[in-house]
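Structure first, commentary second.
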Amino acid sequence: MFATKKMKAFTVLLLSGTLLAGCGGGAQKTGENSTYTKEKPLVIKFSHVTTADSPKGKAADKFKELMEKKSDGKVKVETYPSSQLYGDKDELENLQLGNVQIIAPSVTKLVGLNPQFQIVDMPFLFKNRESVLKFWDGELGNKLMNSLDSKNIKGMAMWENGFKHFTSNKPLTKPEDFNGQKFRTQAGKVLEAQFKALGAGAATIPFGETYTALQQKTVDGQENTFNNMDTQKYAEVQKYMLVSEHGRLDYVVLTNKKWYDSLPQDIKKSFDEAMKEATVYERQLAVELDKQSFENLKNSKKMEIVELQPEMREKFAKKMESVYTEFEKVIGKELIDGVKKL
Ligand code: LMR
């Protein structure tokens, strides 16, 4: 039974590999310029899970605008926000199969491909935005991205969202408050361990199903950035927020490697340029929208918001030390120490 399933999956992958080699470049050889036209353009699908007005959504649309312009209409980019095309559960697989050409999952959702991506979840590891940028634009982040090459995935860029904070329907001001509560997580064992260290339970729930899970009280709370909480309207279903900045939520923009490698030279050039410009746009926008969303959440007066003070932060960090003991080997000491130095 297992062998049959495996063989089936292998056949699908083989087939998709053959198809992929054929698509994108058409009959052309890599290195040549494209024969795509305005009438018969190359179609690129960009799927993601946040709203169209989130930084990721706006930057995906910016990439579309740039790519279509730079290619003189020879490329058409279709953007699919809000898990319309693929959600957390199936976007990676469909990228590998070549059914979608670009996705931009939150870093931690790559845990199944390389558990080191959970570096972003290590409690209170990244000091500030600057250290996050230095990490992703430097050697450590590059190495991590390149680890996806062997999985037929090419990391194109890091797009920002921001620091994560906790919310719940029960007050959250000190570590003891977490005891017995259950929180929604994005993915992975590190986040599970983080909540366990606080005496809380955790459940992985796709982003597209989180609002309902909070509304139906499947979980008591969640952790996310101001912008995701704002654009997903979590204040409607959450009463308390602790502004904690305990972890990062950023994105890796990914494309199918075989597909990308097979692109004609002129299209690849436009693609790289458009991605670079969209990345500059996205990073600046993420900072602005993060601030704006925090204001929106405060102004709505729907949640009681507490900002974590240094003394209490120390208490949380101490409680969460066990996460480092448990995951130092998985993430790698070199990587953790590298981030601490940034
Ligand atoms: C989440 O699942 O909470 C986030 O990763 C969603 C996103 O893409 O920002």
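Start at 1 and go down the list; that is how both ligands and their atoms are numbered.
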Heavy-atom neighbours of Lys291 NZ exceed 12 at 6.0 Å: no

Contact residues of ligand 1, where a non-hydrogen atom lies under 4.0 Å away: Val49, Thr50, Lys56, Ser106, Lys109, Arg184, Gln186, Phe207, Asn224, Asn228, Leu249, Tyr251

Side-chain donor-acceptor pair present, Thr167, Gln222, cut-off under 3.5 Å: yes

Residue list, salt bridge (charged side-chain N to carboxylate O under 4.0 Å, His left out) with Glu65, at least two apart or on another chain: Lys62

Pairing of Lys164 and Asp121 as salt bridge, 4.0 angstrom limit: yes

Heavy-atom donor-acceptor pair, Glu68 side chain to Val77 backbone, under 3.5 Å: yes

Sidechain N-carboxylate O distance under 4.0 Å for Arg129, Glu160: yes

